[in-house]
Amino acid sequence: MRRLLKDYRVWFGLLVLGYTLAGFLWVPWLAKSQLLSYFREARGLEAELAQVQFNPFLFRLRADGLAVRHPDGRPIMTLGAVDLDFDPIWLFRGIWRVQSLHLSAPELSVQRRASGSWNFAVLLPPSTGEPAPARAELPRLSLGELAINDGRIGYEDLTRTPAFRQELGPIKLQIAELSTLPDRRGDYRVDLGLGDTGRVHVAGAASLTPLEVDAQFEAQVPLSRVAAYVAGALPSLRVTRGTATLDGNLQLAGVEGFGLRLRDLGVQVRDLAVVDPDDTPVLAIDQLDLSQGALDWPQRRVRIQSLALADTQLHTWLNPD
């Protein structure tokens with residue numbers, strides 16, 4: 001027995017065995033219990049997590065079936081699956097490197113209450129009441145690939161009268177090589193559905209240090225849904241139909257303050273109809289085209305090369321008062 005205990009191969013084998021058992025069994029149990037404990041005990045929510053798997057040799061983690069709800073059963077967040085691939089070699093360079101992070105079928109229920117507060121605030125740690133610390137340097141993080149597939153957001157705004165409800169989805173997001181390291185730019189692409197007929201597509205490059213975003217965007221928006229959201233500002237008018245198509249290039253920078261630069265803006269409005277509360281026609285625009293629009297902020301400068309209207313009808317009358 002003494003000779004066996006002196007054999008380094010025995011200790012090496014025990015070390016490998018302990019590492020294997022801890023990685024495959026203890027890490028998943030710890031991750032699941034800590035996450036559920038945070039939602040249930042620290043935040044007072046109902047939470048479920050089907051399973052967690054971890055490979056200690058490949059440093060890959062997978063979690064399935066996360067669901068978070070209010071105590072009354074109203075959903076806040078669900079997640080079909082998350083796959084995370086961590087690269088520990090980068091730690092020798094002082095960088096936390098996530099090789100890939102994939103989220104499948106995430107769903108978030110966003111509600112703005114009548115008081116103005118947001119329902120998802122319960123997911124965040126409570127405020128300590130202490131003043132915010134001075135801006136510190138960002139940790140050295142590197143993300144090789146982030147992918148979100150079949151995401152959805154249910155939005156409800158109870159501050160509006162009547163309450164506004166809209167589903168956003170499906171959402172598809174792809175990001176490649178995003179990093180907090182200086183002067184590193186990554187590519188991204190976002191595709192977002194707006195109900196049955198609306199869509200948004202954004203693609204470009206971004207950096208976090210310094211904060212810069214370059215976006216080429218295209219969007220098709222049903223104007224009746226936009227009008228429903230701002231109905232309180234226009235109580236005597238209602239948009240019954242109409243579609244707006246937008247495209248252009250947007251640049252954001254946050255090096256010294258906030259800067260916004262919009263170029264090559266194009267807007268096309270088709271088949272717009274506006275009526276009063278009695279459904280009497282007020283405005284009808286068959287075609288509106290805006291081309292080569294530009295905006296600079298904080299300079300507050302707007303330029304438009306051309307604006308064309310076709311087949312436009314305006315109905316107006318003088319009331320007895």
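- The backbone N or O of T280 sits nowhere less than 3.5 Å from a side-chain atom of D278 that would complete a donor-acceptor pair.
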inquiry  = Could you walk me through whether D187 and E177 satisfy the side chain to side chain contact (heavy atoms under 4.5 Å, CB included) test, starting with their C-alpha distance in whole Å, then the side-chain angles of each, then the deciding distance to 0.1 Å, before giving a yes or no?
reply    = CA-CA 7 Å; D187 298 325; E177 297 300 336; over 6 Å; no

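- Remark: of the listed residues L66, D64, L101, L101 is the sole one forming a side chain to side chain contact (heavy atoms under 4.5 Å, CB included) with V82.
- With sequence neighbours excluded, the residues that form a salt bridge (Lys or Arg N to Asp or Glu O under 4.0 Å) with R241 are D271.
- In this structure R113 satisfies the salt bridge (Lys or Arg N to Asp or Glu O under 4.0 Å) test with no other residue, sequence neighbours excluded.
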For residues 40-49, which side-chain N or O atoms pair as donor and acceptor with protein atoms under 3.5 Å away, sequence neighbours left out?
residue : atom : partner : partner atom : Å
R40     : NE   : A47     : O            : 3.1
R40     : NH2  : A47     : O            : 2.7
E41     : OE1  : S37     : OG           : 3.3
R43     : NE   : V122    : O            : 2.6
R43     : NE   : L124    : O            : 3.1
R43     : NH2  : V122    : O            : 3.3
R43     : NH2  : L124    : O            : 3.0
E48     : OE2  : R69     : NH2          : 3.0

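- Judged by distance alone, the side chain of Q216 and the main-chain N or O of G248 form a donor-acceptor pair under 3.5 Å.
- Taken from CG in L295 to CG in L260, the straight-line distance is 6.0 Å, to the nearest 0.5 Å.
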message = salt bridge (Lys or Arg N to Asp or Glu O under 4.0 Å) for R270 and D289? Distances and angles first, verdict last.
response = CA-CA 9 Å; R270 297 292 183 268; D289 292 287; 3.0 Å; yes

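- We find the CG-CG distance between D247 and D264 to be 8.5 Å, quoted to the nearest 0.5 Å.
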Side-chain donor-acceptor distances from residues 307-318 under 3.5 Å, at least two apart:
residue : atom : partner : partner atom : Å
W317    : NE1  : N319    : OD1          : 3.2

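- Here the side chains of Q53 and P28 are not in contact, with every heavy-atom distance at 4.5 Å or above.
- Inter-residue side-chain proximity for L123 and I76 is flagged as met; some heavy-atom pair is nearer than 4.5 Å.
- Annotation: ring-ring contact (aromatic ring centres under 6.0 Å, His included) contacts of W118 (sequence neighbours excluded): F120.
- The side-chain heavy atoms of L178 and S142, taken from C-beta on, include no pair separated by under 4.5 Å.
- In this structure the side chain of D214 reaches within 4.5 angstrom of the side chain of N249, judged on heavy atoms.
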request  = Take D296 and R303 through the test side chain to side chain contact (heavy atoms under 4.5 Å, CB included) and record every step on the way to the result.
outcome  = CA-CA 9 Å; D296 293 282; R303 298 183 301 279; 3.4 Å; yes

task = With side chain to side chain contact (heavy atoms under 4.5 Å, CB included) as the test, would you mind laying out the steps for L272 and L223 before giving the verdict?
result = CA-CA 8 Å; L272 173 64; L223 294 178; 3.8 Å; yes

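- The number of heavy atoms from other shown groups lying within 6.0 Å of CH2 (W90) is above 12.
- Across all non-hydrogen atoms, the minimal contact from G195 to Q166 is N-NE2, 3.5 Å.
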task = Kindly indicate, with the supporting measurements, whether the criterion side chain to side chain contact (heavy atoms under 4.5 Å, CB included) is fulfilled by V190 and V200.
result = CA-CA 8 Å; V190 183; V200 176; over 6 Å; no

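- Under a 3.5 Å cut-off, the side chain of N119 and the backbone N or O of Q111 do form a donor-acceptor pair.
- Distance OG/S179 to CG/L208: 7.5 Å, rounded to 0.5 Å.
- In this structure, I148 and P106 approach most closely via the heavy-atom pair CG2-CG, 3.6 Å.
- Residue pairs meeting the ring-ring contact (aromatic ring centres under 6.0 Å, His included) criterion with at least one member in residues 150-196, sequence neighbours excluded, are F164-Y229.
- Annotation: side chain of L168 is in contact with side chain of L194 (closest heavy-atom distance under 4.5 Å).
- Judged by distance alone, the side chain of T180 and the main-chain N or O of P139 form a donor-acceptor pair under 3.5 Å.
- With hydrophobic clusters built from ILVMFWY side chains whose heavy atoms lie under 4.5 angstrom apart, V275 does not share a cluster with L237.
- For the pair R261 (side chain) and Q251 (backbone), a donor-acceptor distance under 3.5 Å is absent.
- The minimum heavy-atom distance between L290 and Q268, with the atom names listed, is O-NE2, 4.4 Å.
- Within the structure, every pair that satisfies the side chain to side chain donor-acceptor pair (under 3.5 Å) test and touches residues 167-176, not counting sequence neighbours, is listed here: R152-E167.
- Note that the CG atom of L103 and the CG atom of D150 stand 12.0 Å from one another [nearest 0.5 Å].
- Between L181 and T209, every side-chain heavy-atom pair lies at or beyond the 4.5 Å cut-off.
- Linking Ile, Leu, Val, Met, Phe, Trp and Tyr whenever their side-chain heavy atoms come within less than 4.5 Å puts V110 and F39 in one cluster.
- Identified under the ring-ring contact (aromatic ring centres under 6.0 Å, His included) test for residues 191-217, with sequence neighbours left out: none.
- Hydrophobic cluster membership is shared by I285 and V230, with clusters built from Ile, Leu, Val, Met, Phe, Trp and Tyr side chains linked at under 4.5 angstrom.
- By the criterion of side-chain heavy atoms lying less than 4.5 angstrom apart, applied directly or through intervening Ile, Leu, Val, Met, Phe, Trp or Tyr residues, L79 is grouped together with M77 in one hydrophobic cluster.
- The salt bridge (Lys or Arg N to Asp or Glu O under 4.0 Å) check on R165 picks up E156, with sequence neighbours excluded.
- Evaluation of the ring-ring contact (aromatic ring centres under 6.0 Å, His included) test over residues 40-60, restricted to residues two or more places apart or in two chains, returns Y19-F57.
- With sequence neighbours excluded, no residue forms a ring-ring contact (aromatic ring centres under 6.0 Å, His included) with F92.
- D85 approaches L58 most closely through the heavy-atom pair OD1-O, 3.7 Å.
- Heavy-atom minimum distance, L146 versus L143: CB-CD2, 3.6 Å.
- Scored by the side chain to side chain donor-acceptor pair (under 3.5 Å) test, Q99 finds R97 as partners (sequence neighbours excluded).
- Annotation: the span from D191 atom CG to E218 atom CD amounts to 10.0 Å, rounded to 0.5 Å.
- I95 and L141 fall into different hydrophobic clusters, where Ile, Leu, Val, Met, Phe, Trp and Tyr residues are linked whenever their side-chain heavy atoms come under 4.5 Å apart, directly or through other members.
- Heavy-atom minimum distance, A163 versus L158: CB-CD2, 3.8 Å.
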